[in-house]
Amino acid sequence: MKATQALMDEHRVIERIILVLETAAQNLEQGQPVRPGLFIEVTDFIKGFADGCHHQKEEGILFKSLEENGMPVQGSPIGVMLFEHEQSRQFTRDLREAAQRLEVGDKAMTSKVIENAVGYAALLRQHIMKEDQILFPIADQMIPQEKHEQIWDDFENFEHEETGEGVHEKYLALADRLTQEVSL
Ligand SMILES: [Fe+2]
């Protein structure tokens, strides 16, 4: 199986959290009560799963393999993806800070929470679409067939060494819980 399939599967999980974020931001905008801690937990998920695990696999393993097989970093799809990962980190930092201040009663932070939640969601939705529809099909072509298995192994090793046992499952459970919370 192509190595990009593992990353596409993770995209489907990240999209569930994007939907949580969009729904929570919309509820907040409409004046409905939303627990600020929910946004903080979303940033826990982003930091641990979307950025900590998923983006690290892309940057440290898949993009490296693309480079080795002839794709430049500068002025290429890799360069755009790296830039967008950096933008997503900035949104996450700003969202977390605003949500923490909202949690201790700084109501003026409401608009900052909404702005960064919506900004992150929009960025990641189009980012995932570009990877799924443009970059990954290119990777499937550029990376030789026999290398795909090695990339799968590298992903597995990364999970064991960097992410740790059971961490993936912990974030899946968090995604389930937050989805339930915004659906009530
Ligand atoms: Fe991705």
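Whatever order the structure lists them in is the order used to number ligands and atoms, beginning at 1. All values below come from the heavy atoms of this structure, side chains included, with hydrogens, waters and symmetry mates left out.
- Between the Fe ion (ligand 1) and the N, O or S atoms of Glu58, the shortest distance is to OE2.
- Placement of Phe45 and Val113 within a single hydrophobic cluster is found when ILVMFWY residues are connected by side-chain heavy-atom separations under 4.5 Å, directly or transitively.
- Among the atoms of His54, an N, O or S atom falls under 2.8 Å from the Fe ion (ligand 1).
- The same ILVMFWY cluster, assembled from side-chain heavy atoms under 4.5 Å apart, contains both Ile134 and Ile78.
- Taking both residues in full, the closest heavy atoms of Ile151 and Ala3 are given as CG2-CB, 3.4 Å, listed atom of the first, atom of the second, then distance.
- Among the heteroatoms counted here (N, O or S) of Glu131, OE1 is the one nearest to the Fe ion (ligand 1).
- The Fe ion (ligand 1) lies under 2.8 Å from an N, O or S atom belonging to His11.
- Side chain of Thr43 to backbone of Ile40: a donor-acceptor contact under 3.5 angstrom is found.
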